[in-house]
Amino acid sequence: MSSNLDPALSARLKRSPDGLVPAIAQQYDTGEVLMLGWMDDEALHRTLTTGRCTYWSRSRQEYWVKGDTSGHVQHVKSVALDCDADTVLVKVDQVGAACHTGARTCFDADVLLASE
């Protein structure tokens, strides 16, 4: 698929066999980890240029902008690659729930280990 992503950035990305990179959404001011989504080059380009997180839905095989249907928008504050260029960290200002279940984050419901 063609994308408007900067070719130099595209060349750096290390993608899964299906052409995607995991994208972690984190609340910019608290550090709270909100969710994990998937991006291809075009989703990353749209995220960088629109100020709203765009992901690739692996189940629906289409782009989706977080909050377009739920109203739970992610306003992008910064975007960074990890040291291997195989994961994107998007720091956002989350409006409402990040999880499709209605929870603030996708990581609250099934805690496997918690130190007290």
- Query: Distance-only, no hydrogens or angles: does the Asp40 side chain make a donor-acceptor pair with backbone N or O of Leu20 under 3.5 Å?
  - Reply: no
So the ring-ring contact (aromatic ring centres under 6.0 Å, His included) pairs with at least one residue in residues 64-104 (sequence neighbours excluded) are Tyr55-Trp64
In terms of heavy-atom contacts, Ala97 and Gly102 come closest through CB-O, 3.3 Å
**Asked** Would you say Val21 and Arg15 make side-chain contact, with heavy atoms under 4.5 Å?
**Response** yes
Sequence neighbours excluded, the answer for side-chain hydrogen bond (donor to acceptor under 3.5 Å, both in side chains) partners of Asp68 is Arg52
Note: Thr54 and Ala43 closest approach over all heavy atoms is O-CB, 3.5 Å
For this session: Give a yes or no on whether Leu81 and Val76 share a hydrophobic cluster (residues Ile, Leu, Val, Met, Phe, Trp, Tyr; joining criterion: side-chain heavy atoms under 4.5 Å apart).
Result: yes
So the salt bridge (Lys or Arg N to Asp or Glu O under 4.0 Å) pairs with at least one residue in residues 86-110 (sequence neighbours excluded) are Glu32-Arg104
#### Entry: same_hphob_cluster(Leu36, Leu89) at 4.5 Å side-chain heavy-atom cutoff
yes
Separation between CG (Asp41) and CH2 (Trp56), nearest 0.5 Å, reads 12.5 Å
So CG of Leu9 and CG of Leu48: to nearest 0.5 Å the spacing works out to 7.0 Å
Residue set satisfying side-chain contact (heavy atoms from CB on, under 4.5 Å) with Val33, at least two apart, ordered chain then number -> Ile24, Phe107
Value for CD (Gln94) from CD (Gln26), rounded to nearest 0.5 Å, stands at 12.5 Å
Between the CG atom in Asp84 and the CZ atom in Arg12, the distance rounded to the nearest 0.5 Å is 11.5 Å
CE (Met39) and CG (Leu44) are apart, to the nearest 0.5 Å, by 6.0 Å
dist Leu34:CG -> Cys53:SG (nearest 0.5 Å) comes out at 9.5 Å
Heavy-atom side-chain proximity of Ser57 to Tyr63 below 4.5 angstrom: no
Residues at least two apart in sequence or cross-chain that pass side-chain hydrogen bond (donor to acceptor under 3.5 Å, both in side chains) with Asp18, listed by chain then number, are Ser16
- Task: Check for a donor-acceptor pair, side chain of Lys66 on one end and backbone N or O of Ala98 on the other, with a separation under 3.5 Å.
- Result: yes
Answer yes if the side chains of Ser3 and Arg46 hold a donor-acceptor pair under 3.5 Å, and no otherwise. no
Taking the side chain from Ser10 and the backbone from Asp6, do they hold a donor-acceptor pair closer than 3.5 Å? no
Those residues at least two apart in sequence (or on a different chain) that pass salt bridge (charged side-chain N to carboxylate O under 4.0 Å, His left out) with Arg58 are none
